[in-house]
Number of protein chains: 2
Amino acid sequence: MAGLTERQKLVLALLVRDYVDTAEPISSGRLVANYHLDFSSATVRNEMAVLEQRGFLLQPYTSAGRVPTKEGYRYFVQQLMGENELPAPIQEMIRHQFYQARHDVDDWLSLSASVLAQHSKVASIVTPLHTEKARLKHIALISTRGRQVLLVIILNNGEVHQQTMVLDELLPREQLNAIAEQINLLASGMDAKELEGISSKLQDTPLEEVFAVVYRVIKQAEVISSGDVYRDGLANMLSEPEFSEPEKAKQTLELFEDRGMMDDLLSRTVFESDAPGVHVIIGGEDTWEQLGDCSLIIARYGSKEYAMGAVGILGPLRMAYSRGVSTVRFVSDLMSELISESMSNENLI
Amino acid sequence: MAGLTERQKLVLALLVRDYVDTAEPISSGRLVANYHLDFSSATVRNEMAVLEQRGFLLQPYTSAGRVPTKEGYRYFVQQLMGENELPAPIQEMIRHQFYQARHDVDDWLSLSASVLAQHSKVASIVTPLHTEKARLKHIALISTRGRQVLLVIILNNGEVHQQTMVLDELLPREQLNAIAEQINLLASGMDAKELEGISSKLQDTPLEEVFAVVYRVIKQAEVISSGDVYRDGLANMLSEPEFSEPEKAKQTLELFEDRGMMDDLLSRTVFESDAPGVHVIIGGEDTWEQLGDCSLIIARYGSKEYAMGAVGILGPLRMAYSRGVSTVRFVSDLMSELISESMSNENLI
DNA sequence: ATTAGCAGTCTCGCGTTGAGAGTGCTAAAC
DNA sequence: GTTTAGCACTCTCAACGCGAGACTGCTAAT
């Protein structure tokens, strides 16, 4: 299990690069011609044979060109792919787009999704901020009309959750304020576990109904709230040739629509890991059988003290990893920057 | 241009029914055998020839079975399709699901989307409530952390808009309250036009920044806010045989993702029309070229006094219209009912 | 007005075939 | 020992042809 020679690495890198572009099996002759290599196609064939035996390449059928395996992609991403930044003009453009949306935090998320989809040419996912240890700071109850009220829940990290709810009975505004005030006094500073502890005391009081919702929201804040996950670029992805068979396309679409699955994936990968960088998951390795023949490039944003979310892109195995990683890294860093700025007390912009 | 005979109607109705099930061109013999008709296949062939000449049917190629045209579907929907209600047990089931979510208005929307997708087997779209004449009732500014504040805008119809915003400079809580109070005094009861009128007076005052956002939100409330449109059942739709060619699938997906298009479609169809019932748009008739080979079944919910939204399903031309219409009607009625209940002052539920 | 019968037409699936692309191997060259 | 030219071999893919099958349209009889 010695490492690969320099020439083998070169062949693998070029092959991956070419295959990502063309989606067709790459032949030895093609590689020599395209990149003006100073050794012959026969030599390339020999190297390919080695790479195939190592499990980095395979032939779709006897005597066809080679295609990278999952292992091949992984080696490429970990060892061969350079870390190049997004070109400066594009960085500027994206920054400008975020500047336009500087007053509206919710827009940051959809903008991120749109930027990722546009620049990576595959599908994107962006989750909202969430905290591991959510503590209640403050709630407000605002009467809107009839029995409908708006419950605003602010967490100690500055995260805001809003929830329209319908009360069982109509209450006057003063009573709403009183309920909010009581809950604030009683429960401020508590996390989900502590809230559960006092919930029994509130049985059959007027607070019960509102409190139940507060508890549920705080509890949900500990996992990614899947309702507000932003997605974009689905159509991008389906135009890739790997999804020409409708079965594949359907499968991938279901993966994309399945909230539980995505939640699990994101939280496990991004939040349980201590590595803060960009994660690249190529196909269903080990635990991620469900990903099938898709790859996910993902990173978290925010900071550990306040709250974190995740941004990522989902595409076929044959995707432009280098570009994808640069894009995800840039967007996640930008989001982190914007958020920490808006949380701070200084007057930047 | 005389009407169709009873027998011609029967043939058309049965053919549409069979074709929706099988997705294959229907032959005269098949129709006679399946439905035990008391006339022969030759007679059916003659009737088919008439229907084809009228533009209701066509043959994919010479000497194949017949397939309904768009006109054929339209005639079927308008003249032949019976109006049957959703089966009572299913109605009960859906009501129960909504009952579970009775405290959370936002859940109604996603639940509607999910119910529609599940029962119609195609893709669904649900827009949030919106008003044509939005008037400001009341705003609240809640500090969350750093320069981030939550701006809550309540319209006179009870509609609530929330917007997280980032202020240019950090303001203490008292000052936020003061700003909110001043805006409430100044602008309460105004619509977008009137707000625009006073915006010049606020230039270079501390109110300017917040006021700009209030104005924008009210203005946006007059069109469907596309950000919060719920969708579901995409994967359903792509498993239909009409989307086996990737081009078609991509086209439809783009239609589905394109917010501007959908907004336009929904608002024009549902809100400009005075007919409150269920609308069926079959393929790109006249103005709706973009729909291509898809059909849309759509209805509004809510009430004209307060606010309205739209629920609908999007599928291939070959869809189960009868079932679709029943489902959309039931869901839209149920939503209207729930909303008017929650807006009223009585204590139902 | 309806229907049986039949010739005509078009699709679809299947097997064949030939061109083309690319490999693996061997033997020669460096 | 490494590299390379040359070549036989393998496999896919598109094109073609062909026959079976499915329906129709028409005509003539009922």
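Only a predicted model underlies this, so the values are computations on that prediction, with no experimental measurement involved. Note on naming: letters A, B, ... go to the chains in the order of the sequence lines (proteins, then strands), and numbering restarts at 1 for each one.
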Rounded interatomic separation in angstrom, taking CE from B:M48 and C1' from D:dT24: 10 Å

Of residues 57-67 of chain A, the positions that come close to DNA chain D - non-hydrogen atoms, cut-off under 4.0 Å: A:Y61, A:T62, A:S63

Between P of C:dA4 and CZ of B:F39, the distance in whole Å: 13 Å

Helix axis bend for the helix from C:dA1-D:dT30 to C:dC30-D:dG1 - C1'-based end axes, five pairs, 10° rounding: 20°

Distance flag, aromatic centroids of A:Y321 and A:Y73, threshold under 6.0 Å: yes

Nearest to the side chain of B:R7, which nucleotide is it out of C:dT2, C:dT3, D:dT4? C:dT2

Of B:R318, B:K121, B:K248, the one forming a salt bridge (Lys or Arg N to Asp or Glu O under 4.0 Å) with B:E240 is B:R318

Report the distance from atom CG of B:N46 to atom P of C:dG5, rounded to the nearest whole Å. 17 Å

Looking at A:T43, does any N or O in its side chain come under 4.0 Å of the phosphate oxygens OP1/OP2 on D:dT4? yes

Heavy atom of residues 26-37 of chain B under 4.0 Å from DNA chain D: which residues? B:S27, B:S28

For B:S112, which residues count as a side-chain contact (heavy atoms from CB on, under 4.5 Å) partner, sequence neighbours excluded? B:F98, B:V126, B:V331, B:M335

Hey, is CD on A:E85 packed in by over 12 heavy atoms from elsewhere, all under 6.0 Å? no

Nucleotide C:dT2, atom C1' - distance to CG of B:D38 in whole Å: 12 Å

Without decimals, in angstroms, what is the distance between A:D18 CG and C:dG22 P? 12 Å

A:Q8 CD to D:dT2 P, in whole Å, measures 12 Å

Do A:I90 and A:H119 have side chains that get closer than 4.5 Å, going by heavy atoms? yes

Sequence neighbours excluded, the answer for side-chain contact (heavy atoms from CB on, under 4.5 Å) partners of B:D21 is none

Quick check: closest heavy atoms across B:L291 and B:G283, and the distance to 0.1 Å? CD1-O, 3.9 Å

Are A:R45 and D:dG6 close enough that a side-chain N or O sits under 4.0 Å from OP1 or OP2? no

Got a second to check how far A:K250's NZ is from A:L238's CG, nearest 0.5 Å? 13.5 Å

Check the distance between D:dG25's P and B:L51's CG and give it to me in whole angstrom. 12 Å

Any side-chain heavy atom of A:P316 within less than 4.5 Å of one from A:D293? no

Residue pairs involving residues 22-46 of chain B (criterion salt bridge (Lys or Arg N to Asp or Glu O under 4.0 Å); sequence neighbours excluded): B:D18-B:R30

Just by distance, do the side chain of A:D232 and the backbone of A:L116 share a donor-acceptor pair under 3.5 Å? no

